[in-house]
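Remarks on the structure that follows.
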Amino acid sequence: MSENPTTSNFLRSMVAGDLQSGRCQKVVTRFPPEPNGYLHIGHAKSICLNFGLAQEFGGTCHLRFDDTNPVKEEMEYIESIKASVRWLGFDWGENLYYASDYFEQLYTWAEVLIVAGKAYVDDLSAEEIRGYRGSLTEPGKASPWRERSVEDNLALFRRMRGGEFPDGSKVLRAKIDMSSPNLNLRDPVLYRILHAPHPHVGARWCIYPMYDFAHGQSDAIEGITHSICTLEFEDHRPLYNWLLENLPVPGHPRQYEFARLNLGYTVMSKRKLLQLVKDGDVGGWDDPRMPTLDGLRRRGYTPAAIRLFCERIGVGRSDSWIDLSVLEDCVREDLNEKAPRALAVLKPLKVVIDNYPPEQVEELEVPNHPGHPEMGSRKVPFGREIYIERDDFEEFPAKGFFRLAPGREVRLRCAYFIRCEEIVRDAGGEIVELRCNYDPATRGGSATDGRKVKGTIHWVSARHGVTAEVRLYDRLLTTASSTGDDWKAALNTRSVEVIAAVLEPGLAGAAPEDRFQFERLGYFCADRHDSHPGAPVFNRTVTLRDSWGKGGQSPA
RNA sequence: UGGGGUGUCGCCAAGCGGUAAGGCACUGGUCUCUGACACCAGCAUUACCUAGGUUCGAAUCCUAGCACCCCAGCCA
């Protein structure tokens with residue numbers, strides 16, 4: 001709705017410049033996930049960047065699986081990734097690719113390198129290779145196998161492909177420079193032996209290319225013009241270019257790097273996310289507390305909110321940590337416009353309206369969205385006994401509290417003014433019920449005598465209300481960041497609270513993923529899996545801002 | 001101690017020699033049948049990591065420092 005004129009960033013300028021200078025006629029980007037886990041909010045940044053740039057400049061963006069390591073990759077991940085990208089709102093059209101579909105071509109190029117004397121088969125073990133690599137300050141030294149003849153290398157490499165050698169016994173390495181200050185250029189491994197079936201191409205191969213040998217060439221094959229990746233690949237760029245320059249590839253894409261997203265109070269590495277799933281700390285990859293796209297979806301985040309977030313945080317090259325509040329504000333902004341309102345009481349306190357006719361029931365008209373009359377209204381039943389939010393009553397009201405208190409009058413949203421006359425307690429002294437009187441002349445919520453009331457609270461008819469499970473989520477971690485082996489020590493043990501709330505009857509029919517604003521409380525989404533019409537289950541996406549609770553976040 | 005990067009408001013982020021955009025957060029206030037939303041105002045006043053220098057003029061150019069991040073997987 002509101003226009004946040006998209007500010008420029010170095011990638012936009014880059015593309016614009018390349019188009020203008022004629023370096024390329026059409027921009028072609030790609031989102032290249034490895035199918036070894038579910039996509040998370042950090043990937044969303046990359047997706048929005050790559051698809052967004054293509055969209056903005058009239059180009060195309062490919063979805064390409066960077067599936068060069070079969071031991072970590074699974075079909076389940078491939079499917080979830082495709083679903084998440086689509087859900088986020090992007091379309092790769094015909095451009096769905098797999099690096100594994102290029103294996104034959106890559107193999108051919110590996111032989112080209114061997115023939116040119118630029119690659120060799122090394123018999124050193126992984127540990128030996130590490131030793132020979134040197135250190136950050138000392139140059140590496142040549143492997144004793146570095147000077148094998150082209151014939152030997154070719155024969156050996158073919159036998160590697162033929163399955164004659166066990167895993168780890170040999171690798172193919174590029175012959176570049178063992179004393180380069182850039183470790184990536186100290187004869188990087190190009191192929192390793194892995195007798196493992198591949199989720200996409202099956203059991204055809206027992207040698208697999210490394211990321212470095214697959215990525216740039218795949219970009220070249222697809223005619224990618226701008227290969228955008230995260231900063232940690234910056235040191236790989238010289239290798240990326242070296243391979244493209246030494247191989248007969250159809251074109252030379254360029255690599256650009258940006259800073260990955262860091263979000264506070266959650267974890268972003270796939271390794272940690274996998275650990276949470278495996279250890280049962282969360283219900284799965286799509287647990288509403290997870291920063292995965294499936295998790296955010298279940299939590300109630302909308303694709304539009306996530307896209308807005310990605311646009312707002314910008315793109316740069318400096319390490320950055322984004323406040324959770326930015327993400328939260330994005331959903332609020334989106335849902336405030338779109339989500340119909342509803343009445344629900346999370347922590348019920350019974351109220352009996354003494355002067356209301358015992359058997360009377362009224363259907364009161366409540367707008368579905370005060371800001372959007374076109375969204376219509378609904379009828380909500382009202383009776384003598386209702387539930388209000390426990391927090392909306394204080395026996396000894398603090399200064400500035402203008403909800404219900406002994407002797408005070410408040411408005412029940414779209415219903416009547418009521419005044420609290422009496423507090424009812426149980427044997428333990430706990431307040432279990434309030435006795436109130438209502439003013440029949442305030443039907444609908446306004447007084448004919450012009451009397452004003454400061455507070456308006458929500459309510460649900462006790463007789464008609466529907467009890468339902470509602471899950472109140474809070475941040476995953478108790479600290480903004482968490483590193484080291486004991487990072488789990490920061491896990492928030494109260495990241496979810498399951499309660500039995502009372503909802504206005506109409507909410508019983510909610511379909512999975514229906515979203516509502518429970519007035520004065522927050523945005524809630526019917527759980528994608530557990531909610532069914534007739535037996536709703538809601539997840540709290542985010543609370544409403546609350547300037548009374550003063551800055552206080554997530555009461556949980 | 002090698003190489004590659006980054007340093008502009010609490011958190012992001014524009015800016016690319018001409019006198020500090022915007023968003024989030026925060027603080028006041030207006031409005032209000034959601035203490036929500038909306039709206040108004042304030043929020044880096046020689047200040048853009050520091051110190052020098054060039055210039056009529058610098059966050060933007062130069063020099064020297066400092067801090068932080070990444071790289072020694074047959075992971076990506």
Side-chain angles (χ1 to χ4, degrees), chain A residues 4-5 7-9 13 32-34 36 66-69 71-72 122 124-127 129-131 133-140 167-173 180-186 188-194 208 210-212 214-215 229-238 257 259 264 270-271 311-330 332-333 336-337 341 343 366-367 370-371 400-403 411-415 417 442 444-446 452-458 480 517-522 543-549 551:
Chain A
N4 290 330
T7 64
S8 185
N9 62 54
S13 316
E34 181 192 13
N36 67 343
D66 224 328
D67 52 354
T68 56
N69 185 3
V71 311
K72 286 188 177 172
D122 195 344
L124 252 29
S125 68
E127 303 71 55
I129 285 180
R130 190 185 318 133
R133 187 149 35 220
S135 71
L136 294 179
T137 53
E138 305 159 303
D167 289 4
S169 61
K170 285 177 168 42
V171 290
L172 180 73
R173 293 228 256 168
S180 170
N182 181 342
L183 284 335
N184 295 118
L185 262 20
R186 320 246 261 226
V189 171
L190 266 23
Y191 267 91
R192 76 284 217 191
I193 299 171
L194 245 32
Y208 291 92
M210 296 287 288
Y211 162 84
D212 287 304
H215 207 92
C229 61
T230 44
L231 245 25
E232 63 271 28
F233 291 98
E234 192 156 25
D235 289 337
H236 292 243
R237 198 183 346 151
E257 311 85 15
K270 277 196 205 171
R271 198 195 101 242
E311 182 55 44
R312 273 194 187 165
I313 60 177
V315 204
R317 288 172 60 85
S318 56
D319 296 311
S320 56
W321 283 82
I322 308 294
D323 274 1
L324 212 48
S325 67
V326 180
L327 217 208
E328 293 179 337
D329 186 69
C330 288
R332 290 196 188 102
E333 182 167 322
N336 177 48
E337 284 300 308
R341 317 279 117 135
L343 297 177
V366 181
F401 182 82
F402 50 72
R403 274 109 93 158
R411 168 169 40 237
L412 292 176
R413 168 127 251 232
C414 300
F417 285 10
T442 57
S446 42
K452 295 284 188 199
V453 87
K454 188 73 172 152
T456 297
I457 66 176
H458 56 279
Q517 181 200 89
F518 288 178
E519 292 204 38
R520 304 208 311 130
L521 296 171
T543 61
L544 247 34
R545 273 203 201 82
D546 182 4
S547 55
W548 167 241

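First the proteins, then the strands, lettered A, B, ... as listed; each starts at 1.
In this structure, A:G400 reaches the bases: a heavy-atom distance under 4.0 Å links it to at least one base atom across the strands shown. In this structure, A:L183 reaches the bases: a heavy-atom distance under 4.0 Å links it to at least one base atom across the strands shown. Nucleic acid contact for A:Y208: none, since no nucleic acid atom lies under 4.0 Å from a heavy atom of the residue. A:L124 comes within 4.0 angstrom of a base, heavy atoms only. Among the heavy atoms of the strands lying under 4.0 Å from A:S446 is at least one base atom, whether or not backbone atoms are also near. Residue contacts for A:E257: at a heavy-atom cut-off of 4.0 Å it reaches no nucleic acid atom on any strand shown. Across all strands, A:L327 comes closer than 4.0 Å to no nucleic acid atom at all (heavy-atom distances). Among the heavy atoms of the strands, none lies under 4.0 Å from A:V71. Within the 4.0 angstrom heavy-atom criterion, base atoms lie near A:D235. At the heavy-atom level, A:F417 lies nowhere under 4.0 Å from the strands shown.
For the pair A:D167 CG and B:rG73 C1', the computed distance is 15 Å after rounding to whole Å. The interatomic distance linking A:W548 (CH2) with B:rU34 (P) rounds to 17 Å, in whole Å.
A distance of about 10 Å separates the C1' atoms of B:rC48 and B:rG15, rounded to the whole Å. B:rA47 and B:rG28 are spaced 29 Å apart, taking the P atom of each and rounding to whole Å. Of the P atoms belonging to B:rU54 and B:rC43, the separation is 35 Å, rounded to the nearest Å. Using P as the reference atom, B:rG65 and B:rA25 are 42 Å apart when rounded to the nearest Å. Nucleotides B:rU60 and B:rU19 have their C1' atoms positioned 12 Å apart, rounded to a whole Å. B:rA67 and B:rC26: their C1' atoms are spaced 27 Å apart (whole Å). Comparing the C1' positions of B:rA38 and B:rC31 gives a spacing of 8 Å, expressed to the nearest Å. Atom name C1', nucleotides B:rA20 and B:rA14: the rounded distance is 10 Å, in whole Å.
Under the 4.5 Å side-chain criterion, counting only non-hydrogen atoms from C-beta, A:L194 is in contact with A:V71. Side-chain contact between A:H215 and A:F233 is absent, with no heavy atoms from C-beta onward closer than 4.5 Å.
From A:E234, atom CD reaches atom CZ of A:R317 across 4.0 Å, with rounding to the nearest 0.5 Å.
Aromatic ring pairs are classed by plane angle as parallel below 30°, tilted from 30° to 60° and perpendicular above 60°; the pair A:H236 and A:Y211 is perpendicular.
Side-chain N/O atoms of A:R341 and base N/O atoms of B:rU34 include a donor-acceptor pair closer than 3.5 Å. With hydrogens and angles ignored, no donor-acceptor pair under 3.5 angstrom links the side chain of A:D546 to the base of B:rG35. A donor-acceptor contact under 3.5 Å is formed by the side chain of A:R403 with the base of B:rG35. For A:H236 against B:rA76, a side-chain N or O and a base N or O form a donor-acceptor pair under 3.5 Å.
Both A:T68 and A:R317 lie close to RNA chain B; mapped to their nearest nucleotides by heavy-atom distance, the more 5′-ward contact belongs to A:R317. Position along RNA chain B of the nearest nucleotide to A:R411 versus A:N336 favours A:R411 as the more 5'-ward residue.
Closest contact between the side chain of A:M210 and the listed nucleotides B:rC71, B:rG73, B:rA13 involves B:rG73. Closest contact between the side chain of A:S320 and the listed nucleotides B:rA13, B:rC74, B:rA25 involves B:rA13. Looking at the side chain of A:D319, the nearest of the listed nucleotides B:rA76, B:rG2, B:rC69 is B:rC69. For A:F233, whose side chain is taken as the heavy atoms from C-beta onward, the closest listed nucleotide among B:rA25, B:rA13, B:rA76 is B:rA76.
Remark: RNA chain B forms stems of 3 or more consecutive Watson-Crick or G-U wobble pairs, all pair distances under 3.5 Å, at B:2-7 with B:66-71, B:10-12 with B:22-24, B:26-30 with B:38-42, B:49-53 with B:61-65.
In this structure B:rG23 sits in the anti conformation; its chi angle is more than 90° from 0.
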